[in-house]
Amino acid sequence: ARSGAELCGGAPLSMAPRKRSRGAGRVAPPPKRAQREELSTSSEGGAAPRSPSPSSADDGSEPGDDAVLLPLIIEDDGDGVGAPPPTPSPSSVEPGSPAAGAAVLARWLHPLPLAAFFGDVFEKRALLVRRGEGGRGLFDGLLTPDGVWAAAAAGALSYGTGVDVVAFDGKKRVTLNKKEGTVASEADLKASFARGDSLRALHPQRWPHAPALASALADLEGYWRCVVGANAYMTPAGGRQGFAPHADDVDVFILQLAGAKAWTVRAPRSPDDVLPLVSSPDFGPGEAGEVALEATLRPGDCLYLPRGAVHSARTPSDEGGGASSSPSLHVTVSVCQGVSWAALLRAALPRALDLAAETTLALRRSVPRPAYDYMGVVHADAGERAASGEGGEAGAPPALYSARAAARAAFEAAAVAAALAVVDALPLDAAMDAMAAEWLAARWRRLVAATAADAGAAPVLGDSFR
């Protein structure tokens, strides 16, 4: 039997919780500087490692769930081998279907096969696919800088809900919006841009002149079976940066559309920061982890970052001309927000507890009356005191702590047995239905927003990620 993660294209999961030490929550020292692992394109159009992954265990076993593997870089030397596959004809796949979404993702990640992406990269490491000159036009038609200005000219961008004006002062991100909800005029945005501020345009797939982007995201939703979002980021040339280093609670595919952007990706600071359920705060100087990848993206390049990868980006300096002397525009496509095993169990456990309590007498019995004498944080070290032979409060003898430790062990065993009854009652099908309903409701809200926008009404905008 395959696990749910395998059926969804991910890696098998260990459901056993990792034990936390008494010092849990402290930030561990950053790992040693990671060295990138590069791949070359093979004659069959696939990708083959140039050397064994240095993250593999010596005995050939897979790294543990907490392992963060080294970034993977695929170089396309522009000799034609790494050219993207042709776009499927409209009649070959149904729009919005899993097959259509798979074709979109395969095109973005080519020459890395999707099976290799889900087996070796997804949720494990960063991936950079660099295009040769022949692949610079891979993302043509999705969005252009002129398209961003056109959206502003049409009055489609409001501060805080449609666009953010931001800058990084070297220590923190500064948001320079006018009053939230105020329509951002093209003139005002261009003036901010001329001063060196960056623009984050939210949900560009909703703009009427970005149909190719909207179509790609609709196809990807059919493949990922979750909400797929997008933001566009436009930054002036000359070493400008809009955001402080931070980590998101979504997996992202960064598509460089125009100009160039120099990215710094850092490893999570500790195992507890891997695949986070919420986005991080901004990190100040010296607070982020060790650098794992530094790379400059140019048109056609694609960078995948798993949840928890700390990242920041700036435009290169003007030295050397070329793309570095032009403003940068990239689109960040997000997936996998709120679809973790934790989210599934959060949906399933309340009902599981009710179901188990209806049929399990042990769950309906009272907690032992004397439990307050040996349970609670104040008694948490009873076992350690009993083992060490120490006394304690008001000269209490070690024997007292031995009795408390034994009572605690019996209490914990009873609690675990009761919890297993809850696990046996998990309504996993109903929980999956609930997650599917949330996804479909989000798609419906987006359709309503698009319909309202087409009719000239104010669109309904949802939450955004950084």
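Keep in mind that this is a model prediction, so the values were computed, not measured. Residues: numbered from 1 along the sequence shown.
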Student: Is there a donor-acceptor pair closer than 3.5 Å between any side-chain N or O of Arg125 and the backbone N or O of Leu70?
Tutor: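 Judged by distance alone, yes, a pair lies under 3.5 Å.
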
Student: Is the ring centre of Trp108 less than 6.0 Å from the ring centre of Phe117?
Tutor: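 Not close enough - the centres of the two rings lie 6.0 Å or further apart.
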
Student: Taking Arg136 for the side chain and Arg131 for the main chain, is one N or O donor matched with an acceptor at less than 3.5 Å?
Tutor: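 Indeed, once roles are kept as given, a pair shorter than 3.5 Å links the two residues.
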
Student: Taking His246's backbone N and O only, do any of them form a donor-acceptor pair with Asp282's side chain (distance below 3.5 Å, no angle check)?
Tutor: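 Judged by distance alone, no pair lies under 3.5 Å.
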
Student: Is there a side-chain contact between Leu303 and Leu293 (heavy atoms, below 4.5 Å)?
Tutor: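 In contact.
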
Student: Should the heavy atoms of other residues, nucleotides or ligands under 6.0 Å from NZ of Lys172 be counted, would the total exceed 12?
Tutor: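 Not more than 12 within 6.0 Å, no.
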
Student: Within the distance-only criterion (no hydrogens, no angle test), does the side chain of Asp301 pair as donor or acceptor with the backbone N or O of Arg298 below 3.5 angstrom?
Tutor: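 Answer holds: yes.
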
Student: Measure the shortest side-chain to side-chain distance between Phe122 and Cys336 over non-hydrogen atoms and say whether it is less than 4.5 angstrom.
Tutor: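 With C-beta onward as the side chain, the pair touches.
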
Student: Could you report the tightest heavy-atom contact between Ala260 and Thr315, atom names first, then the distance?
Tutor: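 Looking at all heavy atoms of both residues, the closest pair is O-CG2, 3.8 Å.
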
Student: Does any N or O in the side chain of Glu186 come within less than 3.5 Å of the main-chain N or O of Asp188, such that one atom is a donor and the other an acceptor?
Tutor: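 No, because the side chain of Glu186 does not come within donor-acceptor range (under 3.5 Å) of the backbone of Asp188.
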
Student: Please find the pair of heavy atoms, one from Ala348 and one from Ala431, that lie closest to each other, and give the distance.
Tutor: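 Heavy atoms only, the tightest pair is CB-CB, 3.7 Å.
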
Student: Looking at CG of Asp251 and CG of Leu305, how far apart are the two atoms once the value is rounded to the nearest 0.5 Å?
Tutor: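 One gets 9.0 Å once the value is rounded to the nearest 0.5 Å.
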
Student: Taking the side chain as every heavy atom from C-beta outward, state whether Leu344 and Met435 have any atom pair closer than 4.5 Å.
Tutor: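 Sidechains of Met435 and Leu344: in contact.
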
Student: Would the distance check show the side chain of Thr182 and the main-chain N or O of Tyr159 forming a donor-acceptor pair, the cut-off being under 3.5 Å?
Tutor: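 Answer holds: no.
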
Student: Sub-3.5 Å donor-acceptor pair from the side chain of Arg269 to the main-chain atoms of Glu287, do we have one?
Tutor: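 Yes; at least one donor-acceptor contact below 3.5 Å.
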
Student: Determine yes or no for a side-chain-to-main-chain donor-acceptor pair under 3.5 angstrom, with Ser280 supplying the side chain and Ala247 the backbone.
Tutor: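 Yes; judged by distance alone, with no hydrogens or angles, the pair exists.
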
Student: For Val228, does its backbone N or O pair with a side-chain atom of Glu221 as donor and acceptor, under 3.5 Å?
Tutor: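 A pair under 3.5 Å: yes.
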
Student: Please check: side-chain N/O of Asp219 versus main-chain N/O of Gly96, any donor-acceptor pairing under 3.5 Å?
Tutor: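 Between the backbone of Gly96 and the side chain of Asp219 there is a qualifying donor-acceptor contact (under 3.5 Å).
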
Student: Measuring only between side-chain heavy atoms, which start at C-beta, is Arg225 closer than 4.5 Å to Val339?
Tutor: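 No, their side chains stay 4.5 Å or more apart.
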
Student: Could you tell me which non-hydrogen atom of Ile73 sits nearest to which non-hydrogen atom of Glu75, and how far apart they are?
Tutor: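 The answer is CG2-OE2, 3.7 Å.
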
Student: If I compare all heavy atoms of Phe139 with all of Gln256, which pair ends up nearest, and what's the gap?
Tutor: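 Looks like CD1-O, 3.5 Å.
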
Student: Find out whether Thr161 and Glu180 are in side-chain contact, i.e. whether some heavy atom of one side chain is under 4.5 Å from a heavy atom of the other.
Tutor: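 Counting from C-beta outward, Thr161 and Glu180 do come under 4.5 Å.
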
Student: Kindly give the heavy-atom pair with the smallest separation between Leu220 and Gly101, and that separation in Å.
Tutor: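 Scanning both residues, the minimum pair turns out to be CD2-O, 3.6 Å.
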
Student: May I have all residue pairs that pass ring-ring contact (aromatic ring centres under 6.0 Å, His included) and include part of residues 259-287, sequence neighbours excluded?
Tutor: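 Applying ring-ring contact (aromatic ring centres under 6.0 Å, His included) to every pair that reaches into residues 259-287, excluding sequence neighbours, yields Trp263-His330.
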
Student: Does Pro285 reach the side chain of Lys171, with side-chain heavy atoms less than 4.5 Å apart?
Tutor: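 When only atoms from C-beta onward are counted, Lys171 and Pro285 do touch, with a gap below 4.5 Å.
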
Student: Just say parallel, tilted or perpendicular for the rings of Phe243 and Tyr233, cut-offs at 30° and 60°.
Tutor: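 Phe243 and Tyr233: perpendicular rings.
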
Student: What heavy-atom pair brings Val129 and Leu109 nearest, and what distance separates the two atoms?
Tutor: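 So the two residues come closest at CG2-O, 4.0 Å.
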
